[in-house]
Amino acid sequence: MGSIDILTSIVLVILATLASGAGVYWFCRRAERAREKKSRDQAQIICADAQQRAEQLVSDAQARVEKIQSESQAIIEQRRQRAEEDASRIIQQATEESKQIRRQAELEAINNRREAELELKEEQMRQKEALEQQKRETQRELIERERSLDKRQEQLDAAVLQIQRQETDCAARARELEQKIVAQDALEHELHEKIERQDRILYETANLTREQAVDSIMKKLDRELIDEQGALILRHEKSVQRICDDQARNYILQALQRYAASHTAESTTSSVDIPSDDMKGRVIGREGRNIRAFERVTGVDVIIDDTPGVIIVSAFDPIRREVAKLTLKRLIDDGRIHPSRIEEIYAQTERELQIHMRHAGTEACQLVEAHGMNDRIVALLGRLSFRTSYSQNVLDHSIEVAFISGMIAAELGLNERLARRCGLLHDIGKAIDHEMEGGHPQLGANVLKRFGEPKEVVQAALMHHEDLRAADPYTTIVSVADVCSASRPGARRETLEHYINRMEELEHIAMSFPYVEQAYAVQAGREMRVLVNSQLTSDESAAKTCRDIVAALKAQLQFPGEIKVTVIRETRTTEIAK
C-alpha cells in the first residue's frame, strides 16, 4: 500500500506540472491575442497575472505532494509495526509447537526404548529356553550314544570271543591241512609214477613218440578252443544286439512321446458344393461354352452328373485340382460365369495359391528351425501341403519326421538341426513327381543337390526308403523316423470299407495255411495273432508257418509300416473233480 501511495503522489505532481504548463500556454496565447487587440501594456499585465497563477498552482501542488508523502510514510510505518507484531506472534507460536513436538518425540522415544527393552528381555528368555532345550536334547543324545557305545562294546567283545574261537578252529584246520597236503604229495608222487607207466604203455601201443602225442593233443585243444571262442562270440553278439535293440527302442519311444502332434490330416477333396441344381446349367453355359473354357484354362475335368448339390473336379495334379476347385467356388459365389471371367478368376486364384504355398513352406522351415533355405525349395515344401500319401498330408508328415529325427539325433549326440533339415526335406521329390519321370527319392536328391543342400540332406532324400545302403547315420535316422511317422496309430487314415477289406484280407491270407484254426487282425492291422492246431503241428512247424505267413503278407499286400505276426500253439488239459 505504501508504494501505491507514493506512485499516486508522483502522478499528482506530474499532473500539476502539466496543468501549470498548460495554463501558462493558455495565458500566453490569450496575451498574444490581447496584444493584437489591445496594447502591449495590457498584454504584459495579463502575462504577469498568468505567471502568478502558475506559481500559485505549483506551490499548491508541492504542498499537496508533501502532505501525501507524510501521510503515506505514516501508513507505511503503521503497517510495518503491525507486520513485526504478526511475525513475532507467529514465531512464538512456532516455538511453542516445536517444543510440544519435541516433548511428544521424547515421550515416543521413551516408549519405544521401553518396548525394545521388553522385546530384548523376551528374546533373551526365549534364547535361554532354547539353550536349555538344546542342552536337554544334547544330554539325551549323549545318553543314547553311551548306550549304543555300550552295545557296540558288547558286540565287539562277542566278536573278539568268536574270532578267538575261529583262530583256534583255524589252527586245528591248518594242522589237518598239513596232514592232508603230506598225504596229497604222496598220492601225487604215486599218480605221477602211474602216469609215466601209462605213457610208456601208450607210446608202445600207439607207436607214437612223446612229441607226436603232444602235437595231436594240442591240435585237439585248438579245435575245442576255436569252437568255444565262436560260441562265446555268438553269445556276446546276441547280448550286444539285445542291448542295441533296447537302446534304439528307448530312443524312438522317447522321441515319439516328446513329439505330440495331430496324427490325422485333412484329405484333399475334389467336390464343390453348389447352392442349387440350376447352377449346373450356368456352369455348363450356352452350348457348353463355359465348361469348355473352364477345362481349357484350368486343365482339369469337370464332371456334372445327376448327383444333387455337387460338382466333381478331377485332375491328377493336386495343385491344379486345388486351383480349379477354388476358381469354381469363387465363380459360383460371384455368379458371373463366362470365359473372360473364368480366366480372370483363375489367374487371381493361382497367384494367391502360390503365395499361400510359399507361406506354408516358410512356416514349416521356421517351425523346424531350418534357416537359409533356397526360395525354390521353400516353394516346393509349400506344394507338399496339397499332396497326400495314404490320406496323410505329406507336409505334416515331413514336419513330424523332422522333429522325430532331431530328437533321435539329440539322444545319439549328433547334430539335431541337421537331422531336422534332413527329415523335413526327405520327401521333397513328391512335389514334382507329377511333372517329371522317376521316383521321388531320386527327384528329391537331384533338386536338393542342384540348390546346394548339404550332402547329408541329399543322401537322406535319396536313401530313406532303404533302396540303397545308407552312407551316414542321418539317413538311418530319417528312415526310422519316416517309418515311425507312417506307422503311429491314426497317422494314415482310410475309409471304413477299405479298413474292413484290409482286415479281412489279412485274416484270409493267414487262414489259407494248413493247420491254422483261427486268425485275428488286431491293433488296426498292425498285428496278426494266429492259432494253430497243437496236435498236428510242432514248435518247429509253427515257427515255419509264422515265417511263411510273413512272406505271404509281403508278397500279396502293400502296407505302410510293419505287421507283427504271432503264431500261438498251445495244449490244454481239462479235468473235472467230483
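Keep in mind that the numbers below use all heavy atoms, side chains included, and drop hydrogens, waters and symmetry copies.
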* Partner set under salt bridge (Lys or Arg N to Asp or Glu O under 4.0 Å) for Glu453, not counting sequence neighbours -> Arg421
* Kindly compute the distance separating CD (Glu505) from NE2 (His508), expressed to the nearest 0.5 Å. => 8.0 Å
* **Over all atoms of both residues, closest heavy-atom pair of Ser405 and Gly423** => OG-CA, 4.2 Å
* Excluding sequence neighbours, so at least two apart, what forms salt bridge (Lys or Arg N to Asp or Glu O under 4.0 Å) with Arg336? -> Asp334
* Does the Tyr346 side chain pair with the main chain of Phe294, one donor and one acceptor, at a distance under 3.5 Å? -> no
* Asked: What are the two closest non-hydrogen atoms of Ala360 and Gly382, and how far apart are they?
  -> CB-CA, 4.3 Å
* So how far is it from Ile332 CD1 to Ile345 CD1, rounded to the nearest 0.5 Å? -> 12.0 Å
* Is the shortest side-chain N to carboxylate O distance from Arg126 to Glu123 below 4.0 Å? -> yes
* All side chain to side chain donor-acceptor pair (under 3.5 Å) counterparts of Glu517, not counting sequence neighbours -> Asn533
Would you be so kind as to tabulate the donor-acceptor pairs closer than 3.5 Å made by side chains of residues 361-381, with sequence neighbours excluded?
residue, atom, partner, partner atom, Å
Thr362, OG1, Arg358, O, 2.8
Glu363, OE2, His359, NE2, 2.8
Glu369, OE1, Arg417, NH1, 3.3
Glu369, OE1, Arg417, NH2, 3.3
Asn374, OD1, Arg376, N, 2.8

* Asked: Of the non-hydrogen atoms in Leu326 and Thr349, which two are nearest, and what is the gap between them?
  -> CB-CG2, 3.6 Å
* Asked: Would you say the side-chain atoms of Gln133 and Arg136 include a donor-acceptor pair closer than 3.5 Å?
  -> yes
* Structure fact -> Taken in chain and number order and not counting sequence neighbours, the residues that satisfy side chain to side chain donor-acceptor pair (under 3.5 Å) with Glu570 are Arg572
* Asked: From Leu131 CG over to Lys135 NZ, what is the distance, rounded to the nearest 0.5 angstrom?
  -> 6.5 Å
* Can you find a heavy atom in the side chain of Val516 that is under 4.5 Å from one in the side chain of Leu531? -> no
* Given Thr566 and Glu527, is the side-chain contact (heavy atoms from CB on, under 4.5 Å) satisfied, shown in steps? -> CA-CA 8 Å; Thr566 303; Glu527 184 177 354; 4.0 Å; yes
* Structure fact -> For Ser512, the side-chain contact (heavy atoms from CB on, under 4.5 Å) test, sequence neighbours excluded, returns none
* To do: Please name all residues satisfying salt bridge (Lys or Arg N to Asp or Glu O under 4.0 Å) with Glu344, sequence neighbours left out, ordered by chain then number.
  => Arg341
* Asked: Taking the side chain as C-beta and beyond, is there a heavy-atom pair between Leu425 and Ser398 under 4.5 Å?
  -> no
* Would you call Val457 and Leu418 a side-chain contact if the rule is heavy atoms closer than 4.5 Å? -> yes
* To do: Flag yes if more than 12 heavy atoms outside Arg147 fall under 6.0 Å of its CZ atom; otherwise flag no.
  => no
* Distance from Asp482 atom CG to Ile477 atom CD1, nearest 0.5 Å? -> 13.5 Å
* Asked: So, Gln556 side chain and Ile509 main chain: donor-acceptor pair closer than 3.5 Å or not?
  -> no
* Asked: Above 12 or not: heavy atoms from other molecules or residues under 6.0 Å from OH of Tyr515?
  -> no
* To do: Please examine the side chains of Pro473 and Leu414, heavy atoms only from C-beta on, and report whether any two atoms are closer than 4.5 Å.
  => yes
* Atom pair CZ/CD1 of Arg529 and Ile568 - distance to nearest 0.5 Å -> 7.0 Å
* Structure fact -> Heavy atoms of Val478 and Ala460 approach each other most closely as CG2-CB, 4.0 Å
* Asked: Is there a donor-acceptor contact under 3.5 Å from the side chain of Glu507 to the main chain of Ala521?
  -> yes
* Side chains of Val394 and Asp396: does their closest heavy-atom pair fall under 4.5 Å? -> no
* Asked: Does Asn446 have any side chain to side chain donor-acceptor pair (under 3.5 Å) partners at least two apart in sequence or in another chain, and if so, which?
  -> Gln442
* Asked: Is Glu322 salt-bridged to Lys325, cutoff N-O under 4.0 Å?
  -> yes
* **Trace of the side-chain contact (heavy atoms from CB on, under 4.5 Å) decision for Ile303 with Ile311** => CA-CA 6 Å; Ile303 302 172; Ile311 296 176; over 6 Å; no
* side-chain contact (heavy atoms from CB on, under 4.5 Å) involving Val550 - partner list, sequence neighbours excluded -> Lys554, Val565
* May I ask you to decide whether Lys544 forms a salt bridge with Asp548, counting only side-chain N to carboxylate O separations under 4.0 Å? => yes
* Full working for salt bridge (charged side-chain N to carboxylate O under 4.0 Å, His left out) between Glu416 and Arg420 -> CA-CA 6 Å; Glu416 183 177 358; Arg420 286 186 180 181; 3.2 Å; yes
* To do: Mind running side-chain contact (heavy atoms from CB on, under 4.5 Å) on Arg320 and Glu350 for me, showing each step along the way?
  => CA-CA 9 Å; Arg320 187 184 303 168; Glu350 189 175 21; over 6 Å; no
Return a table of donor-acceptor pairs under 3.5 angstrom between the side chains of residues 150-157 and protein atoms on other chains or two or more places apart.
residue, atom, partner, partner atom, Å
Gln153, NE2, Asp157, OD1, 3.3

* **Test salt bridge (Lys or Arg N to Asp or Glu O under 4.0 Å) applied to Arg330 - qualifying residues, sequence neighbours left out** => Glu352
* **Worked verdict on His397 versus His426 for ring pair (Phe, Tyr, Trp, His ring centres under 6.0 Å)** => CA-CA 10 Å; His397 164 71; His426 79 286; 5.3 Å; yes
* Determine yes or no for a side-chain-to-main-chain donor-acceptor pair under 3.5 angstrom, with Arg569 supplying the side chain and Val532 the backbone. => no
* Asked: Can you tell me if Asp427 uses its side chain to pair, donor with acceptor, with the backbone of Lys430 under 3.5 Å?
  -> no
* Looking at Leu328, Thr327, Val313, Val323, which one forms a side-chain contact (heavy atoms from CB on, under 4.5 Å) with Val300? -> Val313
* State, to 0.1 Å, how close Pro441 and Leu462 come at their nearest heavy-atom pair, and which atoms those are. => CB-O, 3.6 Å
* Given Val283 and Ile337, is the side-chain contact (heavy atoms from CB on, under 4.5 Å) satisfied, shown in steps? -> CA-CA 7 Å; Val283 172; Ile337 305 176; 4.1 Å; yes
* **Heavy-atom closest contact (Ala324 atom, Thr298 atom, distance)** => CB-CB, 3.9 Å
* Structure fact -> Sorted by chain and residue number, the side chain to side chain donor-acceptor pair (under 3.5 Å) partners of Arg165 (sequence neighbours excluded) come out as none
* Using a 4.5 Å cut-off on heavy atoms from C-beta on, say whether the side chain of Thr545 contacts that of Thr537. => no
* In Å and rounded to the nearest 0.5 Å, what is the CG to CD distance from Leu424 to Glu400? -> 12.5 Å
* Asked: How about Ile408 and Val480: do any of their side-chain heavy atoms sit closer than 4.5 Å?
  -> yes
